[in-house]
There are 2 protein chains.
Amino acid sequence: MDVKGRPTTRGTARGTYAVGDERRSRILDTAVEHFAQWGFHAASLARIAKDVGITQGGLLHHFRTKEALLVSVLEASDEHDIERFFAEECATVAEWFHRLLDLTAHNARRPGRTRMFNALVGESGDPEHPAHAFFTRRYRTLAEDAAQSLRRGVDSGELRPDTDCPAEARQLLAMMDGLQLQWVLDPEAVDMPAQLHRHLDRLYRALSASGTALPPRTTD
Amino acid sequence: MDVKGRPTTRGTARGTYAVGDERRSRILDTAVEHFAQWGFHAASLARIAKDVGITQGGLLHHFRTKEALLVSVLEASDEHDIERFFAEECATVAEWFHRLLDLTAHNARRPGRTRMFNALVGESGDPEHPAHAFFTRRYRTLAEDAAQSLRRGVDSGELRPDTDCPAEARQLLAMMDGLQLQWVLDPEAVDMPAQLHRHLDRLYRALSASGTALPPRTTD
DNA sequence: GTCTATAGTTCGATAGAC
DNA sequence: GTCTATCGAACTATAGAC
């Protein structure tokens with residue numbers, strides 16, 4: 001009867017999610033689109049519910065409050081995939097750069113989620129915003145993970161020993177977010193993956209101990 | 001009696017603005033803070049009016065609708081200063097880079113306006129947003145102006161002839177916006193001007209025909 | 001699990017007194 | 001130029017029927 005997050009393992013099959021969870025994830029997907037269009041404050045539970053095909057009361061059975069819905073959306077989003085993109089150990093920095101390019105190409109194929117993150121990150125600059133802590137923490141974690149990926153490159157001799165890893169990490173995140181901002185506003189005018197590729201190519205040339213261009217992906 | 005934008009030149013002194021215009025600009029300043037905190041949709045005319053010290057009815061005497069207020073805020077903002085930062089002819093690209101650093105330092109001193117732009121840019125990814133056209137156009141113009149500043153550097157021989165000016169322009173804007181996003185969320189963790197300086201320094205080394213570092217500002 | 005009904009706010013905007 | 005008063009609509013959240 002309780003719906004608090006966990007799958008209500010009904011029936012016998014292990015790993016089988018209850019039917020209700022399908023509705024739950026339909027709500028989450030719909031909420032992404034609404035937060036993308038309206039931001040958090042201006043999004044409306046009634047409109048979200050209507051899009052899902054239920055009433056507001058029905059929606060609030062799954063998520064007690066609007067804020068709880070936001071938290072669930074953020075947690076259920078690709079955040080974890082993205083964090084893995086940044087954290088996962090790669091054999092080389094070059095390989096890691098290619099992963100970042102994959103991530104950007106991925107985001108270009110999911111305009112809904114991408115727009116939602118732009119809207120919520122901007123909105124959550126206000127310390128009172130319910131997602132402020134989430135995003136502040138997110139950038140700290142991403143910056144640390146990215147810095148560590150670069151640090152490994154320094155240690156292996158792939159990158160120059162004088163590389164300022166924390167600074168490069170912040171700049172890398174900034175470039176990705178900034179391109180995303182422009183791309184959402186005007187996708188025709190900005191080839192986001194191509195632009196990032198140009199940037200990473202030159203960055204690799206500047207940071208690599210050999211001074212060579214970014215080598216093509218190793219299928220490994 | 002009409003308040004539509006122009007100063008109601010009352011009395012005799014030329015260039016003297018009527019008393020009412022002081023109230024008008026108080027409203028605009030207050031609105032900046034509210035749009036920064038709430039975005040457009042969730043900002044409230046009643047709350048803004050209360051902060052100004054008048055009633056909602058009084059506010060709507062100066063700005064007929066909420067959307068008109070937004071437009072006035074955007075037009076009255078430092079947008080024009082910023083566009084001048086990008087468009088103004090500089091003797092050298094190095095000099096222009098130093099101007100961009102000035103702009104970033106300037107933004108770091110006006111967190112209200114900076115937060116507002118982050119919030120509104122993110123929100124206006126939605127094509128229905130009242131500021132969508134404004135920001136789409138803004139980035140096109142800024143990118144063109146920046147590209148032209150670089151182009152002049154290529155023509156003068158300061159930059160390498162194979163410089164892709166439009167692409168570099170978009171990346172420059174992206175880096176500035178991305179750093180701003182992180183800075184607003186966590187000013188302690190991100191030294192925005194210093195980070196941009198590092199970036200521009202390396203960029204200049206990569207783009208300059210001589211391959212030298214960004215020269216210090218020429219007081220001219 | 002979804003519904004209806006509703007409480008209690010707050011919203012943008014209008015009208016008219018002063 | 002600012003006020004009060006008010007309209008109609010939308011909002012989050014709760015309560016209880018089924």
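A, B, ... follow the sequence lines: proteins, then strands. Residue 1 opens every chain. Quantities reported herein were computed from a predicted structural model and do not represent experimental measurements.
- B/Ala105 and B/Pro193 make their closest contact through CA-CG, 4.3 Å (heavy atoms, listed as atom of the first residue, atom of the second, distance).
- Ion pair B/Asp102/B/Arg217 flagged as a salt bridge, since at least one NZ, NE, NH1 or NH2 atom sits closer than 4.0 Å to an Asp/Glu carboxylate oxygen.
- Nucleic acid contact for A/Ala43: sugar-phosphate only, since backbone atoms but no base atoms lie under 4.0 Å from a heavy atom of the residue.
- Atom pair B/Glu22:CD and D/dG1:C1' shows a separation of 14 Å (rounding to whole Å applied).
- Nearest to the side-chain atoms of A/His62 among the listed nucleotides C/dG1, D/dG1, D/dC3 stands C/dG1.
- Comparing A/Gln56 and A/Leu59 by the nucleotide of DNA chain C that holds the closest heavy atom to each, the one mapping nearer the 5' end is A/Leu59.
- Residue B/Thr55 has a polar side-chain atom (N or O) positioned under 4.0 Å from OP1 or OP2 of D/dC3.
- One can place CD1 of B/Ile48 at 15 Å from C1' of C/dA13, the figure rounded to the nearest angstrom.
- One can place CZ of A/Phe40 at 9 Å from P of D/dT12, the figure rounded to the nearest angstrom.
- Note on ring orientation: taking the six-membered ring where Trp is involved, the planes of A/Phe35 and A/Phe40 are tilted (angle from 30° to 60°).
- Here C/dC3 is the nucleotide among C/dA13, D/dA13, C/dC3 with the atom lying nearest to any side-chain atom of A/Ile54.
- For B/Ser44, no side-chain nitrogen or oxygen approaches OP1 or OP2 of C/dT10 to under 4.0 Å.
- Remark: P of D/dC3 and NZ of B/Lys50 are 14 Å apart, rounded to the nearest angstrom.
- Applying the 6.0 Å contact sphere to CZ of A/Arg47 captures more than 12 heavy atoms from other residues, nucleotides or ligands.
- For D/dT2, one of the phosphate oxygens OP1 or OP2 lies less than 4.0 angstrom from a side-chain nitrogen or oxygen of B/Arg23.
- Rounded to a whole Å, the NZ atom of A/Lys66 is 5 Å from the P atom of D/dT12.
- For the pair B/Arg202 and A/Glu168, the salt-bridge criterion is met [side-chain N within less than 4.0 Å of a carboxylate O].
- As a whole-Å value, the separation of A/Glu67 CD from D/dC11 P is 18 Å.
- Nearest to the side-chain atoms of A/His61 among the listed nucleotides C/dG1, D/dT12, C/dT10 stands C/dG1.
- Straight-line distance from the CG atom of B/Leu60 to the P atom of D/dT4: 14 Å, rounded to whole Å.
- Rounded to an integer number of Å, the gap from CZ of B/Arg47 to P of C/dT9 is 16 Å.
- With DNA chain D read from its 5' end, the first of the two nearest nucleotides for B/Ile27 and A/His41 is the one closest to B/Ile27.
- Contact annotation: B/Arg64 does not reach the phosphate of C/dG12 (side-chain N/O to OP1 or OP2, under 4.0 Å).
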